[in-house]
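Following: one structure in structure tokens, then a few remarks.
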Amino acid sequence: MQHQLVVYNSLSRKKELFKPFSPPFAGMYVCGPTVYGDAHLGHARPAITFDLVLRYLQHLGYKVRYVRNITDVGHLENDSDHGEDKIGKKARIEQLEPMEVVQFFTDRYHQDMDLLNVKRPSIEPRASGHIIEQIEMVKTILENGFAYVVNGSVYFDVHQYHKSRSYGRLSGRILEDLIAGNRVLEAQDEKRHAEDFALWKKAGEGHIMRWPSPWGEGFPGWHIECSAMSSKYLGEVFDIHGGGMDLLFPHHECEIAQSNAATGKDAVRYWMHNNMITINGQKMGKSLGNFITLREFFEGNHPSLDQPYSPMSIRFFILQAHYRSTLDFSNEALQASDKGLKRLLEAYETLQNLQPAEKSTVETQHVEKKCYEALNDDFNSPLAIAALFDAVKTINSVKDKKESLDKAGISHLKATFDTFLIDILGLKGESASESKKFHDLVGSLMQMVLELRQNARQNKDWQTSDKIRNELSRLKIEVKDGKDGATWSLQ
RNA sequence: GGUCUCGUGGCCGAGUGGCUAGGCAGAGGUCUGCAAAACCUCCCACAGCGGUUCGACUCCGCUCGAGACCUCCA
């Protein structure tokens, strides 16, 4: 298929033509959640962003292997070398096995992502299931002379690495500046330099999650899991590595260093980073305590929320902004998305029942063209959505008999909506998940009710017709009288 | 303090050296028993100050303001 997909590469800070390492295959690795709590709105951003990337690459004909990890060990809080393990802490507080915590929140994460219509990755590896691979990689880095062992821990030697390679290319950080900006080494610190980071940590007395290693009992550092698992499943060199912008430094910078130290090559060809979601102009995050979980959004169960928001509204809200822009949350903005999406989906329904005319009075080819142009330009979903809204106007005009479309025009528009709205943007209607049988039954019943109401209206029995409409309205069913009879929809 | 990003109409958000983003909200109109929806029209924005240019919201500089990263965070 003819296309010129351009991707913004965080490493070069430029848009680059997307050329996979070995087409038609494409490998993508995205940093998944650390499962010690429910996913919040911020977690939905990378999930949906890279879901769009996955869906579009698949649409273009690539065979994508999509790896998204579950971090369940090694992610420490407060300070990368001295804090308590996040999972371990949760387990201690709740008096659970760490893996119970992991399973519980992994399941809930999957539920949330399913509701958002985010496709499951091809492989979802857990860090704790790849201890051997991580140890092997640490050994290789040690053998290559880019790490050192102290007291049963292994640290990456950033200075040694920087002599032959370049550290800081992704984040644009200069090692010398880093040194100047860093806090002073604590007296008992084992590291040679503050910039060094842990590849393997010796487990202290109270540490629950621990594995044997050549350096004694311990656990892997946070950064090594992604390097080890991505190379295991995608090879030493793969196409796309994604994640949130906040992971750019140090996490991804360290990944680059680790892979280079182990194999001598850059593992990743295109680094992609989604921007943050803000609330009152500030980043939504765990540390600031200003996050709202996805479940709270779905249920409207949070003091900052005026109402519940459906998963599709959240998805649409996120797709209405470009993934590299910050996106500011507010009830007003979310309500706007909610209504906009409704309008889009209603037009999609209308399109299914449009009657073809002999000749078209409007041209619809440009919608598809604009959608392709938008997505080819670094996945510009808001522009693609704008193009679909252009088509909404056309569809409604045809419905109102102000314009007309012939058979070919309608089927082309249908195909465009099916491709972009449903398949690529993944904005299926809420009702799509309900059983078809139930749906059909309600449809027949409604047809009957509306017929009775139509009779009443013909007899100018407004009392009866309004009663039917009001009763239905109470059942959250909205009736609209159009030129060709009434239609209904669930509110 | 260092590195970087951004500042678009009531709100959210695209984009571009000269031509309409789009959505939501608001105003008027068409339609309609009423209502809702839909459609049409309007609200013609680009932080400020300089500079480059025939022409800048778009390029450059400065000022002001906001944010991210530099410590766990998607």
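Everything quoted here is computed from the prediction, not taken from an experiment. Protein chains get the first letters and strands the later ones, always in sequence-line order, with residue 1 at the start of each.
There is a side-chain donor-acceptor pair under 3.5 Å between Ser337(A) and Gln320(A). For the residue pair Tyr8(A) / His322(A), no side-chain donor-acceptor distance below 3.5 Å is found, with atom types taken as modelled.
As rounded to the nearest Å, U16(B) and G1(B) have C1' atoms that lie 37 Å from one another. On the C1' atoms, U8(B) is 13 Å away from C44(B), given to the nearest whole Å. Comparing the same atom, P, in G13(B) and in G7(B) gives a spacing of 11 Å after rounding to whole Å. Across G50(B) and C46(B), the matching P atoms stand 15 Å from one another, rounded to whole Å. Atom P of C42(B) sits at a distance of 34 Å from the matching atom of C60(B), rounded to the whole Å. Taking atom P in both A38(B) and G23(B), the straight-line distance is 11 Å, to the nearest Å. Taking atom P on both C11(B) and G48(B), the two are 15 Å apart, rounded to the nearest angstrom. A gap of 35 Å separates the P atoms of U20(B) and G67(B), to the nearest Å.
A search for salt bridge (Lys or Arg N to Asp or Glu O under 4.0 Å) contacts involving Lys202(A) returns nothing, not counting sequence neighbours. Residues meeting the ring-ring contact (aromatic ring centres under 6.0 Å, His included) test with His207(A), sequence neighbours left out: Phe219(A). By the salt bridge (Lys or Arg N to Asp or Glu O under 4.0 Å) test, Arg45(A) pairs with no residue at all, sequence neighbours left out. Applying the salt bridge (Lys or Arg N to Asp or Glu O under 4.0 Å) rule to Arg120(A) yields the partners Asp114(A); only residues at least two apart in sequence or on another chain are considered. Here Gln103(A) pairs with Asp107(A), Arg126(A) under the side-chain contact (heavy atoms from CB on, under 4.5 Å) rule; sequence neighbours left out. For the salt bridge (Lys or Arg N to Asp or Glu O under 4.0 Å) test, no residue two or more places apart in sequence or in another chain qualifies with Lys467(A).
The distance between atom CG of Asp338(A) and atom P of A25(B), rounded to the nearest whole Å, is 11 Å. Counting to the nearest Å, the C1' atom of U5(B) and the CG atom of Leu248(A) are 12 Å from each other. The interatomic distance linking Leu247(A) (CG) with A68(B) (C1') rounds to 13 Å, in whole Å. Atom CD in Glu253(A) sits about 14 Å away from atom P in C4(B), given to the nearest Å. Between Arg169(A) atom CZ and U3(B) atom P the separation is 20 Å, expressed in whole Å. Rounded to an integer number of Å, the gap from Arg173(A) CZ to G2(B) P is 14 Å. What separates CE of Met245(A) from C1' of C6(B) is a distance of 11 Å, to the nearest Å. When the P atom of U71(B) is taken as reference, atom CZ of Phe197(A) falls 14 Å away, rounded to whole Å.
With C70(B), A74(B), C24(B) as the choices, the nucleotide that has an atom nearest any side-chain atom of Lys339(A) turns out to be C24(B).
For residues 317-341 of chain A, the salt bridge (Lys or Arg N to Asp or Glu O under 4.0 Å) pairs, not counting sequence neighbours, are Arg324(A)-Asp378(A). Under the ring-ring contact (aromatic ring centres under 6.0 Å, His included) criterion, the residue pairs touching residues 28-50 of chain A are Tyr29(A)-His241(A), His40(A)-His43(A), His40(A)-Phe291(A), with sequence neighbours excluded.
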B/S/- along nucleotides 32-39 of chain B (protein heavy atoms under 4.0 Å) is -BBBBSBB
Expected string for nucleotides 9-19 of chain B under the B/S/- scheme (protein heavy atoms, under 4.0 Å, primed atoms plus P, OP1, OP2 as sugar-phosphate) is --SSSSS----
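Within 4.0 Å (heavy atoms only), His273(A) reaches no atom of the nucleic acid at all. Among the protein residues, Gly281(A) comes within range of the sugar-phosphate backbone only, with heavy atoms under 4.0 Å from sugar or phosphate atoms but none that close to a base. Contact annotation for Lys283(A): base contact, defined as any heavy-atom pair under 4.0 Å involving a base atom.
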Distance-only donor-acceptor pairs under 3.5 Å for side chains of residues 398-405 of chain A, two or more places apart:
| from | atom 1 | to | atom 2 | distance (Å) |
| --- | --- | --- | --- | --- |
| Glu403(A) | OE1 | Thr361(A) | OG1 | 2.7 |
| Ser404(A) | OG | Lys359(A) | O | 3.0 |

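Pairing analysis of RNA chain B (Watson-Crick: purine N1 to pyrimidine N3 plus N6-O4 or O6-N4; G-U wobble: N1-O2 and O6-N3; both under 3.5 Å) yields stems of 3 or more pairs at B:1-7 with B:64-70, B:10-12 with B:22-24, B:26-30 with B:38-42, B:47-51 with B:59-63.
Proximity of a side-chain donor or acceptor of Asp377(A) to a complementary backbone N or O of Asn380(A) within less than 3.5 Å is not detected.
Note on Lys89(A): every side-chain N or O is 4.0 Å or more away from OP1 and OP2 of C72(B).
Aromatic ring pairs are classed by plane angle as parallel below 30°, tilted from 30° to 60° and perpendicular above 60°; the pair His159(A) and His193(A) is parallel.
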